[in-house]
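Written below as structure tokens is the structure these notes are about.
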There are 2 protein chains.
Amino acid sequence: MSAHSHTLEHAKEQVKLTPKREAVLNALLMTEKACSAYELIDFCKAKLDLSFSAMSIYRILDFLKEQQLVHKLEVANKYVACAHISCDHQHGAPQFLICESCDKVKEIHIEQSINDALKDNIAKAGYTLKSPQLELTGLCENCSE
Amino acid sequence: MSAHSHTLEHAKEQVKLTPKREAVLNALLMTEKACSAYELIDFCKAKLDLSFSAMSIYRILDFLKEQQLVHKLEVANKYVACAHISCDHQHGAPQFLICESCDKVKEIHIEQSINDALKDNIAKAGYTLKSPQLELTGLCENCSE
DNA sequence: ACAAAAAATGTTACCTCGTAACACTTATGC
DNA sequence: GCATAAGTGTTACGAGGTAACATTTTTTGT
């Protein structure tokens with residue numbers, strides 16, 4: 001059993017997935033990168049022999065996002081499987097490093113001290129921070145050589 | 001002469017602007033908030049009696065962005081005039097607080113210590129940060145009451 | 001087990017955003 | 001003045017996204 005099948009089993013223990021929903025999560029785990037809805041449609045057709053309309057894919061992605069099995073990257077308009085599906089504990093707001101070359105996404109933990117400092121800095125400017133999902137763009141270890 | 005006309009003169013000293021480009025920058029300075037391309041089209045038509053096609057507005061905005069007179073907010077897909085046009089010195093990467101209620105944008109300075117900590121945190125994950133333009137969403141001082 | 005209700009998915013239609021490619025106009029350099 | 005470069009206009013279209021209605025599947029209650 002591969003690593004992502006293991007993750008898929010964990011997900012199925014957390015929430016009951018219809019076959020379509022399971023397939024989309026599986027696709028995201030298989031690609032190991034951020035995908036747009038349309039990229040997922042193409043991938044499912046080519047690799048899983050499954051057809052999805054855009055409407056369907058968006059609904060499934062919305063559901064998976066609500067279940068926190070999938071994150072939406074607001075900047076890139078892409079979706080990525082949550083990196084913590086197999087964890088037993090709760091996680092705070094996700095933060096993402098996105099490789100602008102290969103679309104690989106790493107979900108990281110930003111140190112609490114940085115988060116706190118950021119929140120203070122922002123409060124000084126008079127704003128109240130909503131959820132600090134950070135999306136930072138750069139080059140991953142493979143692409144920066 | 002109003003504050004934004006003053007800013008516009010400064011911009012024209014830095015780079016030669018065609019009438020269309022000047023009008024778009026002027027519109028952004030007048031609105032004092034973040035605007036999408038289409039919002040700018042509407043504004044220019046209603047307030048300046050100028051017609052722009054979408055293609056034109058995007059090209060003009062891209063140019064202004066390259067000249068760093070305008071910033072693009074990647075999450076909101078909106079554009080905002082740079083807050084530092086009238087400054088004489090160079091600025092680092094901008095960081096924005098966006099009010100999700102009224103679209104008001106404040107361009108802030110995040111303390112260098114936070115930036116450095118963030119960069120270190122990210123390097124530990126193996127990524128090389130590109131430009132750390134941060135866009136954080138919350139409520140401004142007026143909307144959070 | 002069956003019927004009703006709820007949930008999930010399919011289909012149709014359409015809107016918004018963004019941009020390639022070609023055409024035309026204006027500005028610049030010699 | 002002419003050739004070239006830059007800027008803008010026009011046409012066409014794809015990606016992204018979703019409302020509304022229809023159909024199918026699953027769940028729920030008896």
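Lettering of chains follows the sequences in order, A, B, ..., and the numbering in each one begins at 1.
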**Study point:** Nearest-Å distance for atom pair OH/C1', residues A:Tyr79 and D:dA15
**Key:** 13 Å
Review point. Touch check for B:Lys16, heavy atoms < 4.0 angstrom, all strands: base, sugar-phosphate only, or nothing?
Key: sugar-phosphate
Review point. Got a donor-acceptor pair under 3.5 Å from the side chain of A:Arg59 to the base of C:dG10?
Key: yes
Point to revise | C:dG10 OP1/OP2 closer than 4.0 Å to side-chain N/O of A:Lys20 | key: yes
Point to revise | Beyond-backbone contact of A:Lys124 with B:Glu111, side-chain heavy atoms, under 4.5 angstrom | key: yes
Check your understanding: Taking CG from B:Leu50 and P from D:dT8, how many angstroms apart are they, rounded to a whole number?
Key -> 12 Å
Check your understanding: Do A:Ser86 and A:Thr7 come close enough that some side-chain heavy atom pair is under 4.5 Å?
Key -> yes
Point to revise | B:Glu39 CD - C:dT16 P separation (whole Å) | key: 13 Å
Point to revise | Spacing of B:Asp62 atom CG relative to D:dT8 atom C1', expressed in whole Å | key: 14 Å
Check your understanding: Separation of A:Leu40 atom CG from D:dG16 atom P, in whole Å?
Key -> 10 Å
Review point. Got a salt bridge between B:Glu141 and B:Lys104, using NZ or NE/NH1/NH2 to carboxylate O under 4.0 Å?
Key: yes
Check your understanding: Below 3.5 Å, does any donor atom in the side chain of A:Tyr38 face an acceptor in the base of D:dG16, or the other way round?
Key -> yes
Exercise for review: Give one of base, sugar-phosphate or nothing for A:Arg21, where a contact means two heavy atoms less than 4.0 Å apart.
Suggested key: sugar-phosphate
Review point. How would you label the contact of A:Lys72 with the nucleic acid (heavy atoms, under 4.0 Å): base, sugar-phosphate, or nothing?
Key: sugar-phosphate
**Study point:** Spacing between B:Met55 atom CE and D:dA12 atom C1', to the nearest angstrom
**Key:** 12 Å
Review point. Roughly how many Å is it from CD1 in B:Ile57 to P in D:dT10, rounded to a whole number?
Key: 14 Å
Review point. At under 4.0 Å, does any side-chain N or O of A:Asn77 touch on OP1 or OP2 of D:dG17?
Key: yes
Exercise for review: Would you classify A:Thr18 as touching base, sugar-phosphate or nothing, given that sugar-phosphate means primed atoms plus P, OP1 and OP2, and contacts are heavy atoms under 4.0 Å?
Suggested key: sugar-phosphate
Practice item. Using the closest heavy atom to pick a nucleotide of DNA chain C for each, name whichever of B:Pro19 or B:Ser36 lands nearer the 5' end. Key: B:Ser36
Check your understanding: Does A:Ile122 belong to the same Ile/Leu/Val/Met/Phe/Trp/Tyr cluster as A:Leu136, with side-chain heavy atoms less than 4.5 Å apart forming each link?
Key -> yes
Review point. Which residue, B:Phe63 or A:Ser56, contacts DNA chain D at a nucleotide closer to its 5' end, judged by nearest heavy atom?
Key: B:Phe63
Practice item. Look at the side-chain heavy atoms of Ile, Leu, Val, Met, Phe, Trp and Tyr, link any pair under 4.5 Å apart, and say whether A:Phe96 and A:Ile110 land in one connected group. Key: no
Practice item. Would you indicate what A:Phe52 reaches in the nucleic acid, counting non-hydrogen atoms under 4.0 angstrom: base, sugar-phosphate, or nothing? Key: nothing
Check your understanding: A:Ile41 CD1 to C:dG10 P: how many Å, rounded?
Key -> 11 Å
